[in-house]
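Quick caveat, the model's predicted, so the values are computed rather than measured.
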Amino acid sequence: MLFVSCQSIDGISPESKRSVPACGVNNPVEDLPWLKELIKNSNRDPESPFCVLQSVQQGTYEGQTIYFPVLSGALCCTCAGVSAYNCQGDLLFSCNVDASSKITNIKTMWTLK
């Protein structure tokens with residue numbers, strides 16, 4: 001069975017609206033264009049219709065703030081580790097268990113409603 005969840009029109013959960021200064025902004029989900037776009041378009045990928053963005057996490061890796069999407073779905077391509085992005089939206093690493101295990105100070109910035 002396939003269960004579908006809906007999110008708010010703006011795609012922003014109340015959790016992300018609280019002030020957590022990072023990357024020079026108070027609300028990364030709203031104020032970092034690349035992150036806002038990633039969330040907006042994440043569940044519209046025709047190539048991966050069953051891979052759903054569940055949340056976006058913020059953490060610290062090697063002294064810098066990073067963001068990583070948490071995906072789920074029966075047909076979602078998965079790997080060990082996460083894909084992590086810096087404040088500019090550059091991919092730092094993907095599917096790297098060693099790097100993923102070094103992420104600290106993890107906070108949920110956005111969740112699918």
Side-chain angles (χ1 to χ4, degrees):
M1 289 185 104
L2 176 65
F3 292 95
V4 178
S5 178
C6 297
Q7 64 188 32
S8 67
I9 298 296
D10 65 2
I12 310 302
S13 71
E15 293 166 38
S16 68
K17 292 183 179 180
R18 65 178 179 246
S19 179
V20 180
C23 297
V25 298
N26 284 328
N27 186 345
V29 171
E30 284 290 328
D31 300 334
L32 295 176
W34 70 268
L35 186 56
K36 188 173 184 175
E37 191 69 18
L38 180 139
I39 292 167
K40 177 182 171 188
N41 294 323
S42 63
N43 298 325
R44 297 181 187 161
D45 184 356
E47 306 242 342
S48 302
F50 300 107
C51 190
V52 178
L53 178 65
Q54 292 295 315
S55 66
V56 174
Q57 305 291 315
Q58 174 185 298
T60 304
Y61 174 74
E62 295 185 344
Q64 66 179 315
T65 298
I66 63 162
Y67 295 92
F68 54 98
V70 177
L71 304 170
S72 70
L75 301 176
C76 187
C77 180
T78 60
C79 62
V82 298
S83 295
Y85 301 86
N86 65 15
C87 290
Q88 292 75 39
D90 300 321
L91 181 65
L92 297 176
F93 57 85
S94 184
C95 301
N96 184 325
V97 177
D98 291 332
S100 297
S101 69
K102 295 176 184 172
I103 300 171
T104 60
N105 304 317
I106 298 171
K107 301 175 182 84
T108 300
M109 301 307 296
W110 176 89
T111 59
L112 179 66
K113 292 182 190 179

Test Val52 against Leu112 for side chain to side chain contact (heavy atoms under 4.5 Å, CB included), laying out the working first. CA-CA 9 Å; Val52 178; Leu112 179 66; 3.5 Å; yes
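Smallest separation of non-hydrogen atoms from Asp98 and Ser101: O-OG, 2.7 Å. Listed here is the closest heavy atom pair of Ser100 and Val82: OG-N, 2.9 Å.
Rounded to the nearest 0.5 angstrom, Asn27 CG and Met109 CE are separated by 6.5 Å. Taking CZ from Phe93 and SG from Cys95, the interatomic distance works out to 10.5 Å, rounded to the nearest 0.5 Å. Here the NZ atom belonging to Lys40 is positioned 15.0 Å from the CG atom belonging to Leu53, to the nearest 0.5 angstrom. To the nearest 0.5 Å, the span separating CD1 on Ile66 from CD1 on Ile103 amounts to 3.5 Å. In this structure, Leu38 CG and Leu32 CG are separated by 11.0 Å, a value rounded to the nearest 0.5 Å.
Applying the ring-ring contact (aromatic ring centres under 6.0 Å, His included) rule to Phe68 yields no partners; only residues at least two apart in sequence or on another chain are considered. Partners of Glu37 according to the side-chain hydrogen bond (donor to acceptor under 3.5 Å, both in side chains) rule, which considers only residues two or more places apart in sequence or in another chain, are Asn41. Partners of Asn105 by side-chain hydrogen bond (donor to acceptor under 3.5 Å, both in side chains), not counting sequence neighbours, listed by chain and number: Thr60. For Gln88, the side chain to side chain contact (heavy atoms under 4.5 Å, CB included) partners are Asn86, Asp90, not counting sequence neighbours. Thr65 meets the side-chain hydrogen bond (donor to acceptor under 3.5 Å, both in side chains) test with no other residue; sequence neighbours excluded.
Of the possible polar contacts, none joining the Ser55 side chain to the Val70 backbone as a donor-acceptor pair under 3.5 Å is found.
With a 4.5 Å cut-off on side-chain heavy atoms, Leu92 and Glu62 do not count as touching.
Between Trp34 and Tyr67, the ring planes lie perpendicular to each other; the angle is over 60°, past the 30° to 60° tilted range.
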